[in-house]
Amino acid sequence: MTGLDPENWDELRGLGHRMLDDMIDRLATQRDRPVWRPMPDAARAALRTGLPVEPTPPEALYDRFSDLIAPYATGNTHPGFMGWVHGGGTAVGMLAELLAGGLNANCGGRDHAPIEVEREVIRWAADMLGFPPDCSGLLVTGSSMANMIAVITASRATPDGQALRRTGVGGRRLVGYAAATAHGCIARAFDLAGLGTDALRIIPVDDRHRMDLPALRAAIRSDRDSGAEPFIVIGTAGTVDTGAIDDLDGIADIARRDGLWFHVDGAFGALAMLSPDLRPALCGLERADSVAFDFHKWAQVPYDAGCILVREPGRQAAAFAQSLAYLSREDRGLAGNAPWFCDLGPDLSRGFRALKVWMTLGTYGTARMGRMVDACCAVARHLAERVEREPMLELLAPVTLNIVCFRVRVAGTDLDALNGELVKDLHESGVAAPSTTMVGGVKAIRAAIVNHRTVPGDVDRMVDEVLRLTGLRHEAI
């Protein structure tokens, strides 16, 4: 037998039903398990079986998944997960992944329904963020890729920018601007685009952790005076450290006056546009030339599902499209339906990411999603208020959206080391999983409330555990 379909479809159907039941049970009973468990060395070793030459029954492989993989996952589906910025996912999104896998569609292009689903999702995204309906866009792995596409697109939109596709960027001093609080993927985008990280000017921030606009204006003037070519300024809607939002309207004014491309990294914060109460804080985002954000964060779509939108039609294609004989577009047949998504970014082979976005947003609707965003921010405010009531705790930054940065204070101790160890203790306790960052030069315990399952009781349990673990460490000293 040379084909790979099963000899007995009913046996596979039974295994599939078992898998589905197990995963739905897992989602329904999140709170009965630790947030995270360290993977034992024996489990790691058991996964190292070497390249499989002979067949293994899928039932046996699923048993290995259940024993060796599922118990030691990241934990971000759990309501106690508050680290980094990880969405919690939904059961509907999980089912959409199953359907997409069954179709196995390549969404690089051609004429088939999954392409139309992605086009509709891009139209939805434009509507959500105040972009024109004819803007271009693309679903990608995440905001790191989306931000890189924006930087490349902006560089090709400069005078003689199309020549960069042939001759490279070496002969030009293109420079861009982002705040000191910008995500590290922005500098990486400059690196991978061939501009070099030195071409990204880092602008200081004010006491609200927002880009200092007078400093931005001064940097642009200085670069122009030195013969450099300013071409892009990048604002952030929801900084990864504290959740601060740059003055996007003010940045848009500067970009327009100086003829720069205005890009917004809205990895998670852009989706605050779904909340009528939070939308005013993002004023100016709708003026951007491009915006990057993730559906797999606050929109709770399963990983991975990032998005890039570009205001002016044709700009993305000008930066990425190729004319190749073996990818010729036709006026009818499967090779029709131009333009293709492979013309808007670097990937030719692309999965059907759009289905899980389409099913998630379609199931819940943007009004309910907006209420979920509001609820996350309310939990963050609850946590901040609890921190301010505890004499041993200190709030380290204003709470703009859903991120709370705080630390434990114990006299006579190295506070950075103490707080770093407490976060590791928290992880191993299984109660909660925040992360750490540096705020104002000191190490912070950083709790990002992104999971739609997290409620005030979850953050209270985290604080209680922080105080308990602090007491144990203090006793040990």
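All values reported here derive from a predicted model rather than from experimental measurement. When a residue number appears, it is its place in the shown sequence, counting from 1.
Applying the salt bridge (Lys or Arg N to Asp or Glu O under 4.0 Å) rule to D343 yields the partners R329; only residues at least two apart in sequence or on another chain are considered. With sequence neighbours excluded, no residue satisfies ring pair (Phe, Tyr, Trp, His ring centres under 6.0 Å) with F341. Take H296 and apply the ring pair (Phe, Tyr, Trp, His ring centres under 6.0 Å) test, not counting sequence neighbours, and it matches Y303. Not a single salt bridge (Lys or Arg N to Asp or Glu O under 4.0 Å) links D247 to another residue, sequence neighbours left out. Residues satisfying the ring pair (Phe, Tyr, Trp, His ring centres under 6.0 Å) test with Y72, not counting sequence neighbours, are none. Residues meeting the salt bridge (Lys or Arg N to Asp or Glu O under 4.0 Å) test with R210, sequence neighbours left out: D206.
For residues 244-289, every residue pair satisfying the ring pair (Phe, Tyr, Trp, His ring centres under 6.0 Å) rule, not counting sequence neighbours, is listed here: F268-W298. Counting only residues at least two apart or on different chains, the salt bridge (charged side-chain N to carboxylate O under 4.0 Å, His left out) pairs with a member in residues 256-276 are R224-D258. Note on residues 196-205: pairs passing side-chain hydrogen bond (donor to acceptor under 3.5 Å, both in side chains), not counting sequence neighbours, are R201-D223.
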Full working for salt bridge (charged side-chain N to carboxylate O under 4.0 Å, His left out) between D241 and R446 | CA-CA 8 Å; D241 281 330; R446 177 187 168 283; 5.3 Å; no

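Of the possible polar contacts, one joining the D416 side chain to the K443 backbone as a donor-acceptor pair under 3.5 Å is found. At distances below 3.5 Å, at least one donor-acceptor pair connects side-chain atoms of Q162 with backbone N or O atoms of A318. Side chain of T74 to main chain of N76: no donor-acceptor pair is present (N/O by atom type, distance under 3.5 Å, no hydrogens or angles). A side-chain donor-acceptor contact under 3.5 Å links R173 to the backbone of S226. At least one donor-acceptor pair closer than 3.5 Å links the side chain of R26 to the backbone N or O of A70. Judged by distance alone, the side chain of D246 and the main-chain N or O of L248 form no donor-acceptor pair under 3.5 Å.
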Distance-only donor-acceptor pairs under 3.5 Å for side chains of residues 367-377, two or more places apart:
residue : atom : partner : partner atom : Å
D374    : OD1  : S275    : OG           : 2.5
D374    : OD2  : S275    : OG           : 3.4

Table please: side-chain donor-acceptor pairs of residues 86-107 below 3.5 Å, with sequence neighbours left out.
residue : atom : partner : partner atom : Å
T90     : OG1  : G93     : N            : 3.0
E97     : OE2  : K356    : NZ           : 3.3
N106    : OD1  : G108    : N            : 2.9
N106    : OD1  : R350    : N            : 3.2

Under 3.5 Å donor-acceptor pairs involving side-chain atoms of residues 132-143, not counting sequence neighbours:
residue : atom : partner : partner atom : Å
S136    : OG   : Q316    : OE1          : 2.5
S143    : OG   : D294    : OD1          : 3.2
S143    : OG   : D294    : OD2          : 3.2

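With a 4.5 Å cut-off on side-chain heavy atoms, V463 and V459 do not count as touching. Contact annotation: the side chain of R33 never approaches that of P71 to less than 4.5 Å [non-hydrogen atoms, C-beta and beyond].
Here the CG-CG distance, from L260 to L216, works out to 8.0 Å after rounding to the nearest 0.5 Å. To the nearest 0.5 Å, atom CG of residue L422 and atom CG of residue L415 are 10.0 Å apart.
Using a 30° and 60° split on the angle between ring planes, W84 and H427 fall in the tilted class, from 30° to 60°.
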